[in-house]
A.B. asks: 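The structure's right below; bear with me while I get my questions together.
All chains are named by letter (A, B, ...) in the order of the sequence lines, taking the proteins before the strands, and each is independently numbered beginning at 1. In what follows, every heavy atom counts, from backbone to side chain, and hydrogens, waters and symmetry copies are set aside.
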Amino acid sequence: MDQKKKKSYLINTAAIALLYLLFFVLIQTKTINNYFVGIMIMTCIMIIMALSLNIVAGFLGQMALGHAGFMAIGAYSSAMATKAIVDAGIEMPSILLLLVALLVGGLVAGIFGILIGTPTLRLRGDYLGIVTIGFAEIIRIFFINFGPTGGAAGLKGISKLVDFNNVFFITVIVAVLIFTFGRSKHGRAIISIREDEIASESAGVPTTIYKVLGFTMAAFFAGLGGALYAHYQAFLEPSKFAFMFSIEMFVIVVLGGLGSLTGSILSAIVLTVLPEMLREFSEYRLLIYSLLLIIMMIFRPQGMLGRSEFSLTDFIDKLIMRKNRKTTSDGGEK
Amino acid sequence: MSVMQAKDITMQFGGLTAVDKFNLTLEPHELVGLIGPNGAGKTTIFNMLTGVYVPTIGTIEIEGQSIIGKKPNEIVKMGASRTFQNIRLFKDLTAIENVKIAYHNFIDYNLAQGMFRTKKFWSEEKKAQDECFKLLEIFDMGEYADTLAKNLPYGQQRKLEIARALATEPKVLMLDEPAAGMNPNETAELMKTIHFIREKFDITVLLIEHDMKLVMGICERIIVVDYGKTIAEGSPAEIKNNPDVIRAYLGD
Amino acid sequence: MNLFLQQLINGLNVGSIYALIAIGYTMVYGIIKLINFAHGEIMMFGAYFAFIAATSYNMPVWAIFLTSMIIMAILGVAIEFIAYRPLRNAPRLSALITAIGVSIFLQNLALLIFKADPKVMPKLFPEKIFYLGGIEISSTTLITVGLAIVFMILLDLYIRKTKQGRAMRAVSEDKDAAILMGINVNRTISLTFALGSALGALGGVLYSVAYIQVFPTMGVMPGLKAFIAAVLGGIGIVPGAMLGGFIIGMVETMTKAYISTTWADAIVFAILIIVLLFKPTGILGKNTREKV
C-alpha cells in the first residue's frame, strides 16, 4: 500500500466518521424526526440494492430487471430464520441475530443467483432482461401462494433489528466490499466481459464463470438488502417485490451512471429522498418524478456520473490546489 | 514436437465451404505468414485455431493436445493467443488494465482476499502492475499506461492488442493483419517489434496479412490460401515465383 | 371435451388481444431496438378514449374504434418525437429508462384526469350468443377475434406490399444503408409508432370490452404479457408477435382452467424462460452470430 492509498483511506474513513457523527447528533438532538430517520434507513437499503444491481448492470453490462426477486428471497428467508430462532427461545443479542439474518438472506439469494444465472446467462441483452423479469415474477407469485410465509396477506411478527446506527455501517461495509470487488482481478474480468465478450475470452478470461460470479455477487448483496428491509419493516408482503420495484432499482443505477458506484449511491439518495420531498404535491408527485427522469435522460443519457467515480481525495486535492494557486497569485500581487 | 498442428480442418457455413482441408504445422520459434486475397478464409482459419469456431471436420492440437470443443479461454491457457483484424480492445479501460485482464491467470488471490485487500492482494497486484507495465514498455507504451484504450492513436491500439495477447504468455502468437491501417513507417516499426518479441519471448508467431510485400520481409515460411484452400507453401523466395500465387493475386 | 373447446375459444379471444398489443412492441423494437415500456399505457389511453367516445359522445361503434386508434396513433408519434428521438444515438439503456419514465408519466396522468376508480366500459357490440355443438361463443368474442385477425392481415399486407412497408423493413434491417437508399428514416419511424400505437389502442378497446373495465393501471399486466409474447415469438418479427400473442393467451387460459388461477402468470413466465433457454432468440427468431 503506497502513501497515496493510505492518504485516501484516511480521508474517506474520516469523512464517513464525520458523516455518521453528524447524523448521530442530528438524531440525538431530535433535529430530524423519526419519519426522516425512516427515510434515511430506506435510503441506505436502496443504496445497497443499487450497488448490488450495478455489479450486473454496470460491471457485467447485462440488463437485469428482476432484482426485486433476489431481494424478496433474502427478505423472506432471513425473516423465517430469525423467526425460527426467536420461536425456539434461543436468546442472542440483537446484533448477532441481525448478522444471522444478513448471512442467511445473502447466502440463500446467492444460491438462487447461481441456480438462475447458470442457465440464463447465455442469453443476451433484452432476452436476459425479460428472463430476469420472469424469474422475479415467479418468485413473487410463489410467495403469494406459499402458506408458511403468510401468502398474499404477508408475513408478520418479524423482529425489528435494524436502526439507523447499524444500517449505516452495514451500508458502508457493503459499499466498500463492492468497490474493492470491482477493483480486484475478479472485478476486472467481469468488466472486460461488458467491454467485449469475445476479446475477453481471447484474453483467457473464463467468461461463463465470471458472468455467474457477477450475477451471484449481485444476488448475494441484494439478499442482504432484503434481509435489512425485512428486519426494518418487521412485515413483508409479496406485492412490495413487484415488477415496478425492480424497475425502480434499475432506474437508480442507470441514472447514477452504469458502472459508477458513487453514482449509484448519489442516485439512490436522490431518488429515494426526492419522492418523499414531493409528497406535498401528492397527486403530481409521480408526474414530476417521471418528467425529471425523462428530462434527465435526454440531457444526460450517460447518467449523473457516467462511468467515473467521485473521489473525495481528488476533490480535496483539487480544493487545496486551487487555494494554493490563489495564495501564490496573492503573493505575487504583494 | 510441433507447437501447433492442424489437420484437414474444414469449415462449412450452411452450404458454403469457407475453408477446405487446411493443414498447418508450426514448429517452435517459427515466424510463419498466412497470406491470401480478401475473403480467402484466413480469418476463418484463425477463428478455428483459437476456438471461436469449431471446425466442421479436422483436428487441431497444441503440443499434442486436442483443442477441438475447447473454449477460447481454455485454448489461451494451452498456449495460443491472438489479436483481431478489427481491433477489439476493452475501450473504456486503460491500456494497463487491458493488459492486466489478459494477465489474469497469473494473478494469484481469491475472491475474499481481493475484497478484503489482504497482503496477498497487494503483493499480487503489484506484481501484475510491474509485469504489465514492462510489457507496455517493450512496445514503447509506458507513457500511455493510464490512457483509456479508446483514446489511444490507432497504431498504439494495434500494439496494445499485441501486448495484451502476450500477457497470456502464449507459445503461439497469432496476429490477424496487425499492420492494417498503419502507414509505412509504423508498419516497418511493427515488423521490427514482431521480430523482437519472437526472440525475446521465444515464441512462435503466425501472421495473417494480405499485403505480400510485408510478409516477405520477415517470415521464414509462407502459406498462401485462396478460396479456402492452400495453394502454395514455402520460403518467401519460392512463393514469390509460384505461378499459382501470382494468378491468385493478379487474376488470370 | 366441451370445456376444452370452450377454453380454446377463450384463449383465442385473449390471445388475439395480446397479439395486437405485442405487434406494437415488436414493430418498435424492430426499428429502433427499444422496448417501448409506454406501450401498455397507449393501450390504456386507447381504452379511455373509447370509453369517452361511447359514453359522452354516443358515437357509432366504428367511429369509437377509429377515434381511439387515430388519437393514439398521434400520441404514439408525439411520444417518439418528444421523448425517444433525442436519444436515438444515446446508449440503449438510457432510451429504455426514458420509456419507463413515459410509462410512469402516462399512468399518473390518467390517474389525475380519470381518477383511480374503474369505469364501466359500455357494451359496444350487440350481445348475442351463438351455440355451436354445446359451446357458447358470444358475439363480442367473435368480433374481437375477427377484428384482430383482419387488422393483422392488413398490417402484414401493408408491410410486405407497400412502399412504406418496405421502407420499414429496410430501416429495421440496416438504418445506415436505408439512409443511403434515400429512405426518410425519421418518417418511417414515426409511421411505425403510429401503426403500432393504433393497433395497441385497438387491443386496449377490445380488452376493456372483454373485461368491462377501464382504469389507469389496466395497461401494466396485459402490456407485460404482450411484451412476453413478442419476445416469445422472436422480438422484431411481426408474425412472431402474433404467434406469441396467441400462445400466451392460450397458455394463460388453459392454466387458469385446468391448473390454477393463482399460478397462471408464473406458468406463463416459466414457459417463456424454458423456450428462451432452448431457442435464445424466440420461436421465429434467427440466431445471429457475432462476426469476429
A.B. asks: Test your reading of the model: is there a side-chain donor-acceptor pair from A/Tyr127 to the backbone of C/Pro280, 3.5 Å cut-off?
C.D. replies: no
A.B. asks: Hey, which of C/Arg92, C/Gln107, C/Lys33 has the most heavy atom pairs under 4.5 Å with chain A?
C.D. replies: C/Arg92
A.B. asks: What are the two closest heavy atoms between C/Pro86 and A/Ile298, and how far apart are they?
C.D. replies: CB-CG2, 3.8 Å
A.B. asks: Among the options C/Ser103, C/Ser94, C/Ala90, C/Gly285, pick out the one with the most heavy-atom pairs lying under 4.5 Å from chain A.
C.D. replies: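 With the most close heavy-atom pairs to chain A, the winner is C/Ser94.
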A.B. asks: With rounding to the nearest 0.5 angstrom, report the CG to OG1 distance, A/Asn145 to C/Thr262.
C.D. replies: 3.5 Å
A.B. asks: Select one option (side chain, backbone, both, neither) describing which atoms of A/Phe299 are under 4.5 Å from chain C's heavy atoms.
C.D. replies: neither
A.B. asks: List the atom of C/Ala270, the atom of A/Ile138, and the distance in Å for their closest heavy-atom pair.
C.D. replies: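 Closest heavy-atom pair between C/Ala270 and A/Ile138: N-CD1, 3.8 Å.
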A.B. asks: Please state whether the side chain, the backbone, both or neither of C/Leu109 comes within less than 4.5 Å of a heavy atom of chain A.
C.D. replies: both
A.B. asks: Do any of residues 242-250 of chain A have a heavy atom less than 4.5 Å from a heavy atom of chain C, and if so, which, in residue order?
C.D. replies: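 When heavy atoms of chain C are the reference, residues 242-250 of chain A contributes A/Phe243, A/Met244, A/Ile247, A/Phe250 within the under-4.5 Å range.
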A.B. asks: Give a yes or no on this: more than 12 heavy atoms of other residues, nucleotides or ligands lie within 6.0 Å of atom CZ of C/Phe215.
C.D. replies: yes
A.B. asks: Quick check on A/Leu258 against chain C: is it the side chain, the backbone, both or neither that has a heavy atom closer than 4.5 Å?
C.D. replies: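 A/Leu258 touches chain C through side-chain heavy atoms alone.
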A.B. asks: Chain A heavy atoms under 4.5 Å from C/Leu272: which part of the residue, side chain, backbone, both or neither?
C.D. replies: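 The side chain, not the backbone.
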A.B. asks: I'd like to know which of C/Phe105, C/Phe37, C/Phe227 tops the heavy-atom pair count under 4.5 Å against chain A.
C.D. replies: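 The residue among C/Phe105, C/Phe37, C/Phe227 with the greatest pair count is C/Phe105.
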A.B. asks: Could you grab the distance from atom CD1 of A/Ile116 to atom CD1 of C/Ile273, nearest 0.5 Å is fine?
C.D. replies: 8.0 Å
A.B. asks: Could you check whether any side-chain heavy atom of A/Ile294 comes within less than 4.5 Å of a side-chain heavy atom of C/Val102, counting everything from C-beta outward?
C.D. replies: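 SC-SC contact between A/Ile294 and C/Val102 confirmed.
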A.B. asks: Is the shortest heavy-atom distance from the side chain of A/Met63 to the side chain of C/Ile35 under 4.5 Å?
C.D. replies: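 Side chain of A/Met63 against side chain of C/Ile35, heavy atoms only: contact under 4.5 Å found.
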A.B. asks: Checking C/Leu277 against chain A: side chain, backbone, both or neither under 4.5 Å from a heavy atom?
C.D. replies: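 C/Leu277 touches chain A through backbone and side-chain heavy atoms alike.
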A.B. asks: Is C/Arg88 atom CZ crowded by more than 12 heavy atoms from other residues, nucleotides or ligands, each under 6.0 Å away?
C.D. replies: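 Above 12, so yes.
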A.B. asks: Find the one option among C/Ile235, C/Leu106, C/Ile228 whose heavy-atom pairs under 4.5 Å with chain A are most numerous.
C.D. replies: C/Ile235
A.B. asks: Quick check: are there more than 12 heavy atoms from other residues, nucleotides or ligands sitting under 6.0 Å from CD1 of A/Ile209?
C.D. replies: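 Result for CD1/A/Ile209: open.
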A.B. asks: Which atoms form the tightest heavy-atom contact between A/Pro301 and C/Leu87, and what is the distance?
C.D. replies: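 Heavy-atom minimum between the residues: CB-CD2, 3.7 Å.
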A.B. asks: Can you tell me which portion of C/Tyr84 sits under 4.5 Å from chain A's heavy atoms? Options are side chain, backbone, both or neither.
C.D. replies: neither
A.B. asks: Stepwise, does the side-chain contact (heavy atoms from CB on, under 4.5 Å) test hold for A/Glu137 with C/Asp265?
C.D. replies: CA-CA 8 Å; A/Glu137 282 293 295; C/Asp265 288 350; 5.8 Å; no
A.B. asks: Look up atom CG in A/Leu65 and atom CG in C/Leu96, then write down how far apart they are to the nearest 0.5 Å.
C.D. replies: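 Separation between the atoms: 6.5 Å.
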A.B. asks: Checking an interface table here. Which of residues 128-136 of chain A come within a heavy-atom distance under 4.5 Å of chain C?
C.D. replies: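 Those residues of residues 128-136 of chain A which have a heavy atom under 4.5 Å from chain C are A/Ile130, A/Val131, A/Ile133, A/Gly134, A/Phe135.
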